[in-house]
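This report refers to the structure that appears directly beneath it.
Below, chain A is the first sequence line, B the second, and so on; all start at residue 1. All values reported here derive from a predicted model rather than from experimental measurement.
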Amino acid sequence: MNFSRTLTFWYSEHKRDMPWRNTKNPYNIWLSEIILQQTQITQGQPYYDAFVNKYPTVFDLANAQESEVLKLWQGLGYYSRARNLHASAKHVANELNGIFPNTYKDLLNLKGVGDYTASAIASICFNEPTAVVDGNVYRVLSRYFGIDTPINSTKGIKEFKTLATSLIDHQNPSDYNQAIMEFGAIQCKPRNPNCNACPLNESCVALQKNIIDQLPVKLKKTKISTKYFNFIVMLSTDKKTIFQKRTHKGIWQNLYQFPLMESEKKLKIADFKKHPFIVSYFEDTPFEFSLYNNIDIVHKLSHQHLHTKFWIVEIDQLPQKGIPIADLKRYPTSILISNFIDEFFDA
DNA sequence: AAATCGGGGTC
DNA sequence: GACCCAGATTT
C-alpha cells in the first residue's frame, strides 16, 4: 500500500470523534478551522461548541457586536482571529447572501483564511484536492521522507506544500487531509512517536536513519522581550472603576483593560504617586493607593514577558466616566486582567 | 525574511 | 526553560 492509502486506512480505524467531523457545512468547518489555528483540540473544542450554540448560522454571527464575539473568544488567544472571523461573517452574510466561497482560490479572499484554512475548507466541504500543510503535516512528511529543510523557511514552505499536493488522494481529499493531520497528532507525535506500531515504519526514512527526534527542522524563533505593565484599578465611593478599550494595534486589540502605564523598569511604590502619568491623570484630586501584588505577576506570551503590577487607587470621584464594578465581567479582556478580576473582586 | 500575535500543555 | 499546537498577517 502506498503512503496516502495507508494513511486514509489508518484514519478510518483510528479517527477520534469530534463535533466538526459530523458536518460538511462550510460555516461549521470554517469556524472550527479558525478556532483550531495554533490551538490544540482540547483547548479549542469548548469554544467551538460555545460558538455553534450561540451563533448557529453565519447570519447570527454577522449580526453580533464585535465585543460580544471577543467576549466569547476570551481566553483563546490570537484575538485577531476573532476580529477577522466576525468581519468575514459579515462579508459572507451581507455580500454573499450567506453562501461561503466554494473554491480554494475564493476562500483565500476571506480575512483570516490563509493557505492552510482555504485548503481545509475546500477539501472537506467541496472535495477540492488542495493539500493542507499544518504543523502535523510538516512533521509527518519531514520524517517519512527524511527532509531537513527548515519548515518555517520560504524554501521549506514551498517544498512541503508541493510534496503534500503530490500526495493528496484525489478520490477523497477530505479524508486524506484529515488523516495526515490526525496521524501527526496521535501517532507521529512530536515526542515519543509510537514507531513500533506505525503502519509506515518499514518505509520511514527518519526511522531508518534513527533521526526521528531531529525532524522536523525549525529555524529558531526571535527572542523574548520583557515589559513592565502597571494597571491602575480605581475604586470610587459609588463603586465604579475605569475600564477602557485597547484600540491601538498590538496585543489584545479591542479588548478592555484598566488604565495602563508601561515603564522601562520596575516601578516602586514610592515613585507611584509622582509618576507623570498619575500626576496628569488625577491632578489635584486626593486619593489613597496601595499595591495589590508585591511580587510581579509575570504573564508569558509567545514573544514577550509582561511583568505586571496592579495598583489599587481609592478615590472619591473618578477623574473620568467609569463603569460599575458589577459590570466588569461583561467586557472582553485578556486572561491577565480576567484572572485579576476574579481574584480581587470575588475573593 | 522576520516579526507579531495568546494561552495552555508537556517534558 | 524549550517546544508544540488543524497559521495568518504585517512589517
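Environment of NZ in A:K273: crowded, with over 12 heavy atoms of neighbouring residues, nucleotides or ligands closer than 6.0 Å. Counting heavy atoms of neighbouring residues, nucleotides and ligands inside a 6.0 Å radius, atom CD of A:Q317 does not exceed 12 of them.
Listed by residue number, the members of residues 329-337 of chain A with any heavy atom below 4.0 angstrom from DNA chain B are A:S334, A:I335. Residues from residues 294-303 of chain A placing a heavy atom under 4.0 Å of any atom in DNA chain B, listed by number, are A:H299, A:L301, A:S302, A:H303. For residues 249-260 of chain A, proximity to DNA chain C is found at no residue, defined as any non-hydrogen atom under 4.0 angstrom from a strand atom. For DNA chain C, the residues of residues 126-135 of chain A within the heavy-atom distance limit of 4.0 Å (strictly under) are A:D134, A:G135, sorted by number. The stretch residues 25-38 of chain A comes close to DNA chain B through A:Q38, each having a heavy atom under 4.0 Å from the strand. Proximity of residues 11-18 of chain A to DNA chain C (heavy atom under 4.0 angstrom from any strand atom) is not detected for any residue.
Note: NZ (A:K111) to C1' (C:dT10) measures 13 Å, nearest angstrom. The separation between A:Y78 atom OH and B:dA3 atom C1' is 11 Å, rounded to whole Å.
Nucleic acid contact class of A:V137 (heavy atoms, under 4.0 Å, all strands): none. The residue A:D115 sits close only to the backbone: its heavy atoms come under 4.0 Å of sugar-phosphate atoms, none of a base. As judged by a 4.0 angstrom heavy-atom cut-off over every strand, A:W73 is placed among residues making no nucleic acid contact.
Residues A:Y228 and A:E262 are not in side-chain contact: their nearest non-hydrogen atoms beyond the backbone lie 4.5 Å or more apart.
Contact detail for A:P101 and A:F126: the closest heavy-atom pair is O-CE1, 3.4 Å.
Annotation: of the two residues near DNA chain B, A:N192 and A:T39, the 5′-most nearest-nucleotide partner is A:T39.
Relative orientation of the A:Y27 and A:F100 rings is tilted, given thresholds of 30° and 60° on the angle between their planes.
Listed nucleotides: B:dT4, C:dC4, C:dG7. Nearest to the side chain of A:T222: B:dT4. In the set B:dG6, C:dA6, C:dC4, C:dA6 carries the atom at the smallest distance from any side-chain atom of A:N136.
Paired with A:Y116 under the rule side chain to side chain contact (heavy atoms under 4.5 Å, CB included), one option of A:V133, A:V132, A:T130, A:V137 passes, and it is A:V132. Just one of A:L306, A:L301, A:I251 meets the side chain to side chain contact (heavy atoms under 4.5 Å, CB included) condition when paired with A:K227; it is A:L306.
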Using the rule given for side-chain contact (heavy atoms from CB on, under 4.5 Å), can you reason through A:I295 versus A:N293, listing the C-alpha separation, both sets of side-chain angles and the distance that settles it, and then say yes or no? CA-CA 5 Å; A:I295 300 170; A:N293 56 314; 5.9 Å; no
